[in-house]
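Keep in mind that the numbers below use all heavy atoms, side chains included, and drop hydrogens, waters and symmetry copies. One-based numbering along the sequence shown. Indexing begins at 1, ligand by ligand and atom by atom, following the structure's order.
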Amino acid sequence: MKLNNNYNNLEESYLFSTVAKKVSEFAQNNPDKKIIKLGIGDVTLPLCSAVINALHNAVNEMSSQDTFRGYGPEQGYDFLRNAIKHYYTNRNVDLDIDEIFISDGAKSDLGNILDLFDKDNVVLVPDPVYPVYVDTNIMAGRKVVFVDAKQDNKFLPMPDKSVKADIIYICSPNNPTGAVYNKLQLKTWVDYALSNNAIILFDAAYESFISDDDLPKSIFEVDGAKDCAIEFCSLSKTAGFTGTRCGYTIVPKSLGKLNKMWLRRQTTKFNGVPYIIQKGAEAVFSDEGLLEIRKNIDYYKANAKIISGTLEKCGIWHVGGKHSPYIWLKCPNNMSSWEFFDYLLNNIQVVGTPGAGFGNNGEGYFRLTSFGSKENTVEAMKRFESLFIK
Ligand code: MLT
């Protein structure tokens, strides 16, 4: 037996596990202190009533022999794939339902998709970015090259023609910086991918936070993208499915073999998302569901405003929060990301995510999420003021 030694090249633990461990140690040693968590992007509002009703109805169906369901199609039930197709039609993206694959979330599929690609491909990843892209490629022993996302390019790096890449990751709205590409910028990436015979893995997990109609929510709004991109989306942040688990991946047929390969991979290694959950997910795309989730997203966006307003008052440089649930700030007093993490935890018991965990360029930055409750967000920001406004 030989181990996969590529694991030796990973950080010892996954970013959010490290944060959780530090917070739990602090809580054990300080049981009287109220900790406010604005770290991992986990939602706090309950599932909306359209979803809850659909889940209840589906549970009832499971209790009767006539309507009980066992194994479902690995790629998802047609009722949900049709609802998603319709969601895309409304923004002028035409999909065939065979291009839509239901998943248990974007994170798993972003890792699983790598089964389709040879180890020798060169991977291009923005820095900083969601750590799953880098970690999953390190596990597979693939070469990763980075493209710098910095203040001077507004955290929206553009392709460098002299760099040859085969697999390109784009996350827009971006986790962690909240930056969003416009259509022209995405078109430049699409043209670059086409000219390199490369594939773009487009993470659209935060698309529902975009409030400007001119900004693309899907890469398929850009000409040529269906010939070079796979899109990953999730109901986690859109509809509060972080615990319920449901997402979808779009693999266009115009990518040639990839669509059939992904079906082959999923039918072999995945047994599909539970029927009950897919019924809940279908309800997200109903008129009632869409209205209800919009209210929830607006609630989180109001939290983002509270956070930005406070940072402004405290004189702390920050971006994001407008088309994204994340606020990306510069650690005051030249503190490193982890120093700032400890400083906040020890002094005001507010938890955020150290920017360094998202890549080298994240050092010196810090991420706060707007997914907390309004009460906790307000309280956390009062504590910020007490610490930074003397
Ligand atoms: C985050 O905080 O970056 C996300 O919640 C992580 C995830 O979606 O897996």
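Taking every heavy atom of I40 and a limit of under 4.0 angstrom, the matching atoms of ligand 1 come to 2 (O), 5 (O). For ligand 1, the atoms sitting less than 4.0 Å from at least one non-hydrogen atom of Y326 are 1 (C), 2 (O), 3 (O), 4 (C), 5 (O), numbered in the order shown with element in parentheses.
E292 and S49 share a donor-acceptor pair across their side chains, judged by distance under 3.5 Å alone. Residues D104 and S108 have side chains that bring a donor and an acceptor to within less than 3.5 angstrom of each other.
With hydrogens left out, the protein atom closest to atom 8 (O) of ligand 1 is K237 NZ, 3.0 Å, a heavy atom. Protein heavy atom in closest approach to atom 7 (C) of ligand 1: Y130 OH, 3.2 Å.
In this pair, F79 and Y77 present their aromatic rings parallel. The plane angle is below 30°, not in the 30 to 60° band. Classified by interplanar angle (parallel below 30°, tilted 30° to 60°, perpendicular above 60°), the ring pair Y343/F340 is parallel. The aromatic rings of F341 and F366 sit tilted, their planes meeting at an angle between 30° and 60°.
Note: an N/O pair closer than 3.5 Å links G41 and ligand 1 by distance alone. Checked by distance only, ligand 1 and N175 come closer than 3.5 Å through their nitrogen or oxygen atoms. Geometrically, ligand 1 and R367 share a nitrogen or oxygen pair separated by less than 3.5 Å.
The shortest separation from a heavy atom of D42 to ligand 1 is not under 4.0 Å, leaving the residue out of contact.
Contact annotation for F358 and ligand 1: no heavy atom of the residue comes within less than 4.0 Å of the ligand.
Residues F232 and Y248 keep their aromatic ring centres 6.0 Å or farther apart. Aromatic ring centres of F209 and F371 lie closer together than 6.0 Å.
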